[in-house]
Amino acid sequence: MSDAALLAAEGITKRFGGVQALADVGFAIRPGEIYGLIGPNGAGKTTLFNVLTGIYPHDGGTFIFDGAPLSGLKPNQVAERGIARTFQNIRLFANLSAVENVMVGRHVRTHATVFGAIFRNARTRAEEKGIERRSYELLEYVGVHKRANDLAKHLAYGDQRRLEIARALATEPKLLALDEPAAGMNATETTTLKQLLQNIRRDGTTILLIEHDMKLVMSVCDRVLVLDYGKKIAEGPAADVQKNPKVIEAYLGGDVAEHLKGAAA
Amino acid sequence: MHAFFDTRKHPELVWVGIVVVAMTLTALPFALAGVGTAWVRITNSAILYVFLALGLNIVVGFAGLLDLGYIAFYAVGAYTYALLASPHFNIHLPFWIVLPIGAGIACLFGALLGAPTLKLRGDYLAIVTLGFGEIIRIFLNNLSQPVNITNGPQGITLIDPFRIGGFNFKTSQTIVGLDFTGPIKYYYFLLIVLIAVIVINLRLQNSRLGRAWEAVREDEIAARAMGINTRNVKLLAFAMGASFGGLAGGMFSAIQGFISPESFILVESINVVAMVVLGGMGNVWGVILGALLLSFMPEILRYTVGPIQEQLFGRMLLEPEVIRMLLFGFALVLMMLFRPAGILPSALRKRELESVVRQKYE
């Protein structure tokens, strides 16, 4: 199975001083799946993202992505390999327009140099045109094309989240890692987001999704990994994980779990 | 009225505008020479400051890296020219060779400064660059021993002017009945370089690389996560900015004919930063305006403050120099209060797609 995995993690460990943020976490994401990553606040979900995308080095373990290890790669090299991410606290380029944000995402797949920029040769002009066209397409894909020429910081919250997804998609990722994309969205926006996630998967991009909105996670994810205090406590199809007593305990506390068990008996 | 100036409806107006500006700029030095030759020199020095401000704008305005030692690259360019085209070492290379060499060496120094400061931001970067600027100046001041390279505080004199064959930029001559003085000849040279530099800056900003600089300025972590090699991109900003400084330094050397470390003091760096901030960081036209304002205003005041006081009070109460600094400070305070992003702040660029696509998206 691990041969078929797009991303296989093994024994991932990360400490911050005395805090064990991640302890021996392992999982495998299959191509074409939407893989959920859940857990209570402080469970280590975002740390796992940061370690995966090279923002922090990890203390132990390996990531094998698309057949080759990721260890020691810088964030930009990870992006080049085909992992794009969004951020829990939106990190758009606030003073660039929406379309320019997406155009920045095309950087890693384009080639123009200083000389191209200064002399504007035919190849650079064609590339620029391609970048612009593709960026507009992606804006339409996520549904913020009407705000293409507004500054990113002036967009509504939900639009900013979707713009971040468009920017990430512009890097042509094989794996799209989304850190709480539904945070702060209302019910309608979340429904649109769910449709968008399904479209992205349909169009061939695998998704790793951190999310607190359980309704969204349960309806969209094929499989889910549950972290608690940096440890993996459950993994499997969404429906199974939901019933796992360890998961209920992590979310609701031991007493409630006991109580529920009693009630069921 | 407004519709008349709508260049979308009247594209020919753009050409009318270009012709008017071109004619004005061509006639300008002769008009200025009528007032006094000093004004042509002042204009030339203002254009040199525009080069500096545009170069620094790449570093500060585009990439968001505060550089308080920028004048060091001006010094490197100026000394490169002076050493390779003066009796000091008795080397007399032509200017079209020395200017690119100066820009190249300044570019190298830019990368040299950039490399150790890659992880610094904001205040910390400002302090390191400030130190770098001073180090260069102190080196120039002291490199007269044990081997005399820079001639120390005395500076280097008799630097070659620009020459193309028998055509000397320094001497006056009459061409088609017009009196071309040295400063006027240099003015036209500077004007041509200026146009090239403006085009280069606009193109750089609106390119894959320019967007990468702006991404680094806006959010470095997000920029890296989007696959931008922030190390290379920042080094490139330092190097490009520095080479414009070096180019300007070479021209300064030739025009002045004399340079010494005193021309490259900290206040000069701060002056260039003030031009960029006053004009509008990141906006090429704003930065040009800032540089022109801060170069011309002190000179205009120098010539008007005295006579105005004589008229009003019958005698000189305050020295022009004092009033200049007073007004300068006052203007900066007003600026920070009312236009903190500069006179012409960096504007949103509307991206005009081809009409077919535009119809689809608007």
Side-chain angles (χ1 to χ4, degrees), chain A residues 53-55 74-81 83-87 90-97 99-101 103-114 116-120 124 127-129 131-133 135-137 139-140 145-146 148-152 154 164 167-168 170-171 177, chain B residues 58 61-62 64 107 196-233 235-237 239-240 243 281-283 341 345-354 356-362:
Chain A
T53 53
I55 289 179
K74 303 227 166 64
N76 54 298
Q77 294 169 313
V78 173
E80 213 172 315
R81 285 282 304 279
I83 300 180
R85 67 169 293 177
T86 64
F87 295 86
I90 303 171
R91 301 192 83 130
L92 287 166
F93 306 122
N95 293 307
L96 301 186
S97 70
V99 66
E100 281 175 327
N101 266 272
M103 290 172 82
V104 171
R106 294 299 299 152
H107 182 93
V108 71
R109 303 294 168 218
T110 46
H111 310 285
T113 59
V114 183
I118 293 174
F119 295 109
R120 288 255 167 106
T124 310
E127 188 179 270
E128 274 291 302
K129 205 173 263 183
I131 291 172
E132 202 165 276
R133 192 172 265 275
S135 301
Y136 267 94
E137 281 167 12
L139 281 181
E140 193 181 26
H145 52 283
K146 292 209 173 85
N149 279 307
D150 289 333
L151 290 184
H154 291 157
E164 238 196 345
R167 186 180 67 177
T171 67
Chain B
I58 293 178
F62 294 171
C107 177
V197 167
I198 292 173
V199 168
I200 289 173
N201 269 276
L202 289 172
R203 287 186 165 190
L204 277 177
Q205 183 173 24
N206 188 13
S207 73
R208 171 177 178 264
L209 188 63
R211 285 191 297 274
W213 281 334
E214 290 177 326
V216 168
R217 178 190 72 201
E218 293 293 316
D219 189 326
E220 199 169 335
I221 290 181
R224 294 181 79 191
M226 288 305 113
I228 291 171
N229 186 330
T230 50
R231 182 195 61 200
N232 291 359
V233 161
L235 277 181
L236 201 58
M240 293 290 299
S243 48
M281 272 192 271
N283 181 341
S346 189
L348 174 74
R349 280 186 301 280
K350 297 262 182 201
R351 298 210 157 259
E352 304 282 347
L353 276 179
E354 307 143 70
V356 188
V357 187
R358 192 160 59 224
Q359 275 167 14
K360 192 177 160 199
Y361 287 109
E362 273 185 0

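Proteins get letters first, then strands, A, B, ... in listed order; numbering begins at 1 in each. Remember, it's a predicted structure, so these values are computed and weren't measured experimentally.
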Highest number of heavy-atom pairs under 4.5 Å with chain B: which of [options]?
options	result
A/Arg91, A/Arg81, A/Arg85	A/Arg91
A/Thr110, A/Thr86, A/Ile83	A/Thr110
A/Thr124, A/Thr113, A/Val104	A/Val104

*Assess whether side-chain contact (heavy atoms from CB on, under 4.5 Å) is satisfied between B/Ile221 and A/Ile55, documenting all intermediate values.*
CA-CA 8 Å; B/Ile221 290 181; A/Ile55 289 179; 3.9 Å; yes
Is the backbone N or O of A/Ala112 less than 3.5 Å from a side-chain atom of B/Arg208, with the two atoms forming a donor-acceptor pair by type?
yes
- request: Please confirm whether the backbone N or O of A/Asn95 pairs with a side-chain atom of B/Glu218, one donor and one acceptor, at under 3.5 Å?
  value: yes
Sort [X] into side chain, backbone, both or neither according to what part of it lies under 4.5 angstrom from a heavy atom of chain B.
X	result
A/Thr53	neither
A/Arg167	both
A/Glu127	side chain
A/Leu139	neither

CD1 (A/Ile118) and CG (B/Leu209) are apart, to the nearest 0.5 Å, by 9.0 Å
In short, A/Val108 meets B/Gly227 closest at the heavy-atom pair CG2-O, 3.9 Å
In short, B/Ala225 meets A/Pro75 closest at the heavy-atom pair N-CB, 4.4 Å
Most contact-rich option vs chain A, by heavy-atom pairs under 4.5 angstrom, among B/Ile228, B/Asn201, B/Leu204, B/Leu236, is B/Ile228
If you tally heavy-atom pairs under 4.5 Å between each of B/Asn229, B/Ile200, B/Val199 and chain A, the highest tally belongs to B/Asn229
The test is salt bridge (charged side-chain N to carboxylate O under 4.0 Å, His left out); show your working for B/Arg211 and A/Glu128 and say whether it passes. CA-CA 12 Å; B/Arg211 285 191 297 274; A/Glu128 274 291 302; 2.9 Å; yes
*Verdict with reasoning, B/Met226 to A/Asn101, per side-chain contact (heavy atoms from CB on, under 4.5 Å)*: CA-CA 10 Å; B/Met226 288 305 113; A/Asn101 266 272; over 6 Å; no
Go through the steps to decide whether A/Leu92 and B/Asp219 satisfy the test side-chain contact (heavy atoms from CB on, under 4.5 Å), and finish with yes or no. CA-CA 7 Å; A/Leu92 287 166; B/Asp219 189 326; over 6 Å; no
